[in-house]
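Hydrogens, waters and symmetry mates are skipped; everything else that's a heavy atom, side chains included, is used. All of these numbers come straight from a predicted model, not from anything done at the bench.
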Amino acid sequence: MIVADLHIHSRYSRATARDLDPEHLWIAAQRKGIDLLGSGDFTHPAWFAELSEKLVETGDGAYVLRPDLQGALAGQVPAPCRREVRFLLSAEISSIYKRGGKTRKVHSLILMPDLASVARLNQRLGRLGNIVSDGRPILGLDAKDLLELCLEVEPSVIFIPAHIWTPWFSLFGSKSGFDAIEECFGELTPHIHALETGLSSDPPMNWRLSALDRFTLVSHSDAHSPAKLAREADLLTCPPTYADLAAALAGPAEAGFHGTLEFFPDEGKYHLDGHRKCGVRLTPAETREHGGRCPVCGKPLTVGVLNRVEELADRPEGSKPARLRHFESLIPLPELIGEVMRQGPATKGVSQALEALLERLGPELHILREAPLEDLQSVGGPILGEALRRMRQGQVITEGGYDGEFGKVHLFSNEEHAELKGQKGFWKLAPKAGARSRAKAGPAARPKASPPAAPLLSALDPAREGLNPEQALAADYRGGHLIVRAGPGSGKTRLLVQRAVGLLREGAAAEEILLITFTRKAAGELGQRLAEAWPQGRQPLTATFHALGRRIISQAREGANGGDMAIVEDEKRQALLKRIAAQAEWKPSDLELAISRHKQTLDQEPPSDLAPWLALYQEALAGEGLLDLDDLVREACLALRSDAELARSWRERFRHVLVDEYQDVNQAQVELLKALTGPRTQVAAIGDPDQAIYGFRGADRSFFARFARDFAGAAEFGLQQNYRSNGPILAAAQGLLEADPDPSRRPLLPLRPEGPLPSLIALASPEAEAQWVAARIAELIGGMDSRQVEGRAGENPGEYAPRDIAVLYRLHALAPALQKALQKAGVPVQVAGRTPLEETDPLDFKAQRVSLLTMHAAKGLEWPVVFVVGLEEGLLPYLPPGKPPSPASEERRLLFVALTRARERLYLSRAARRSLFGETRQPGPSPFLTQIPEGLLKIEKPRARRPRASQLGLFK
DNA sequence: TTGTACGCGCTTTTT
DNA sequence: GCGCGTACAA
């Protein structure tokens, strides 16, 4: 029989002991009596390097400490404890992701047969996320995708869902888990053969779920220090090799998996329910009596493992499956000695006593499990003997752990302890009636929890079929042209889709309907939503302005000489601009801008200073039959103007033209629209002039206001209902806009009025700001380490997944500090537009991360939590040194766009010192901040720095 | 053709 | 503060 502890950590994981290195593990394993030990943390590059250096392969998938190191250390192992310690390569990965609208946090234990396969896996994982900052990395990768990746890298991988019952980070966790294994792993479930049951549950609890019958239930220590090794462990009868372990886990008991060594589950940190902050500990039955809420603070209780097991159980307490494996419940020897000596387990006296026992009797597990009581009595005294006798018989007194607080397991009652003082003959006492056996009478199986109340939004959820009244008015209007002023989060895309569907339903042909967007992405999404809403029959054309122009030009040329047409590639165009600019003694960027602006006006005559250079540019393109992107719209307009037949065919083609983001059109685009508009055409434009932020690229929001003049008789509509942001977020965003009065603006009405006030904080430096953001995000995600989860009762830590969060800034230049701080905190992060495609893993698009992006890039997107950073003088509005700034109103709208990306929580920040382009300044707050009316922002102060918590804080 | 020193200038972004 | 482009040397 061998003892295996396969889930441990190295010193590279958070909150772990500094001496967690191969040498100390080798010593500690022998003192404990472990034959087969997980390496832990193989994903961490430094630990991987250390393992590669200090371990040598046995050839059967196991590794041993290098013989020279063994020789140097042998003296530190008590003689009766010495044994061969083999290592298997193991790691734990934390997957934090969104599935089915719920944040999931699942930890997985992974074993690999050799360093080469680990290296392959690490390479893949390194591309998907940050495996450098923590030995237990956090990936925004669905646990199922992680399993798939592991199988792809190494088919013989052993993949074990870790400590499956802990509330915060596990497969069945009450906070962020699933109700069934299949729910998590889908069709890959057959690749899972074992489940790790964790400290807070033991086999009898797990036997109550018939769904677990086919799995091997394993137990490991999840140690964060050498002293905690083998708190729980596996008992194997197979040889200590990788392949034999894999076969044992996959097969019946005879295959080599004998059973487990267990904690008394009551001692686990999450056995019962409760609130640590409120000092409330409840049994599952008591929790039900209180309706799941804390009797002190009224907030939801942290539901423990016992409760969760009862929730999912389909058998009564005490049931046993047909096939079950052996288990033993143990108390760690230092704790047991501590009780006998009436001292803490980490005191010097206990250590000395432990040392003496190890020297005389052998490893800790041998002492706990097998050593004859007489030997124990003779070496450790009669009381120790009695303590071990009681433990082996399960006669213990328990106080269940709850909400992160370890439980307590005692062997003697208080009365006994009192009696014991000064008495020598204690071992003769029979256990008191008060010392209950750990088999407790429990409540009957609990009915399944009722499903959560229907979400508040369901009645008006924009994802559903129906339109709200103001949307319906605009969607159903058939009286001619119309323009819709649609604020952020008002269901704009939905209105477009439903208008198109309504037209189709009334009998309009798909060919008569055209939808126009600015980006291919928007066109793709609109097309997809339309296909979902109107799956029957042909689809209307959904195109960008440029794609539309291209079609028109193609048709014009077919009719004429059929000249070849292609779009100039950017590289070529830049080279051309550079060449001409040099000749003109202009800056290439100025030339580019001037050409573009001219083409957008549709004027025939360019400004005289531009004319010769424009002519050179156009000749160069025409010589190769090329057009640039502005030409696509311009040339289409000109073709329609000069070719009456062409114009007629296009004007008659569409009865309905729907245009998205109308605040972003330029003159050429408006002209193109007009040229497509015949007497029977209805143009429906939708947009929001308060979100016009692309003036610098030629967009002119004034076309929005004059739509009714460009398209005669147009009706005006407005969408005020906001589905996205809660009341306080909308109030702050609209308060800001008040500084730019507009009589045609209507207030936005939040569907969800309640929520926390947006907050504003000033930090000393960009680094401090980045660290603050990282710390806040770590709290919101919860799960960087347990302390963060347990630390802030009432803040709902762990409510969010990485992909629920975005950090927005004015300039890309702010991204590096943020990225660095977030990576250091172990938060999975992606910086928009900054990942080269060739480095992207095929699974990359599935990885879920915190997004870092510019306020511009955030337009059209939304997140439950948004941080807006760098709200400083000179940065917002941005005042480029030596250049004319954008109009302040456009920059204000940019902030408005940023604020209205947030659904639930909004955090604003600034730094009192900022270095930008080599210059360090001490900027005051952005003037826009003072334009947000007082009382709509909560002013926060940086928390005073507390001294770093001790490395061992996790286990007290 | 390649190495290196120097100086300039620095948003936001789509097709 | 740094990257990129240009100028000039080898």
Please tell me which of the listed nucleotides, B:dT11, B:dT14, B:dT12, lies nearest to the side chain of A:T519?
-> B:dT14
Checking B:dT13, B:dC10, B:dT15 against the side chain of A:L629 (C-beta onward), the nearest is B:dT15
Send over the distance from [X] [atom1] to [N] [atom2], rounded to a whole Å.
X	N	atom1	atom2	answer
A:K883	B:dT11	NZ	C1'	9 Å
A:E919	C:dG1	CD	P	10 Å
A:E661	B:dT15	CD	P	12 Å
A:K599	B:dT15	NZ	C1'	13 Å
A:L593	B:dT14	CG	P	17 Å
A:D628	B:dT14	CG	C1'	13 Å
A:E890	B:dT13	CD	P	13 Å
A:Q574	B:dT14	CD	C1'	14 Å

Does [X] make a side-chain N or O approach to OP1 or OP2 of [N] shorter than 4.0 Å?
X	N	result
A:H856	B:dT14	no
A:T854	B:dT13	yes
A:K587	C:dG5	no

Take atom NZ of A:K674 as the centre, draw a 6.0 Å sphere, and report whether it contains more than 12 heavy atoms from other residues, nucleotides or ligands.
->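 More than 12 within 6.0 Å, yes.
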If we take the P atom in both C:dC4 and B:dT11, what is their distance in whole Å?
->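 Their P atoms lie roughly 13 Å apart.
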Using the P atom as the reference point in each nucleotide, state the distance between B:dT12 and C:dG3 in Å, no decimals.
-> 16 Å
Pair A:Q823-A:S133, side-chain donor/acceptor within less than 3.5 Å |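 Note: A:Q823 and A:S133 side chains miss the donor-acceptor criterion.
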Please check if any side-chain donor atom of A:T493 sits under 3.5 Å from a side-chain acceptor atom of A:R529, or the reverse.
->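 Checked: A:T493/A:R529 side chains show no N/O donor-acceptor pair below 3.5 Å.
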Counting the atoms with a prime plus P, OP1 and OP2 as sugar-phosphate, which does [X] contact under 4.0 Å by heavy atoms, base, sugar-phosphate, or nothing?
X	answer
A:R810	base
A:K578	sugar-phosphate
A:F917	base
A:A547	nothing
A:Y878	base

Contact list for residues 859-885 of chain A, test salt bridge (Lys or Arg N to Asp or Glu O under 4.0 Å), sequence neighbours left out |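 Output for this query lists A:E661-A:K859, A:D664-A:K859, A:R724-A:E862, A:E862-A:R903, A:E872-A:R914.
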Does any N or O in the side chain of A:E919 come within less than 3.5 Å of the main-chain N or O of A:L916, such that one atom is a donor and the other an acceptor?
-> no
Under the 5.5 Å and 30° test, is A:F696 stacked on the base of B:dT12?
-> yes
Which atom names give the shortest non-hydrogen contact between A:S926 and A:L876, and what distance separates them?
->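 Closest pair (atom of A:S926, atom of A:L876, distance): OG-O, 2.7 Å.
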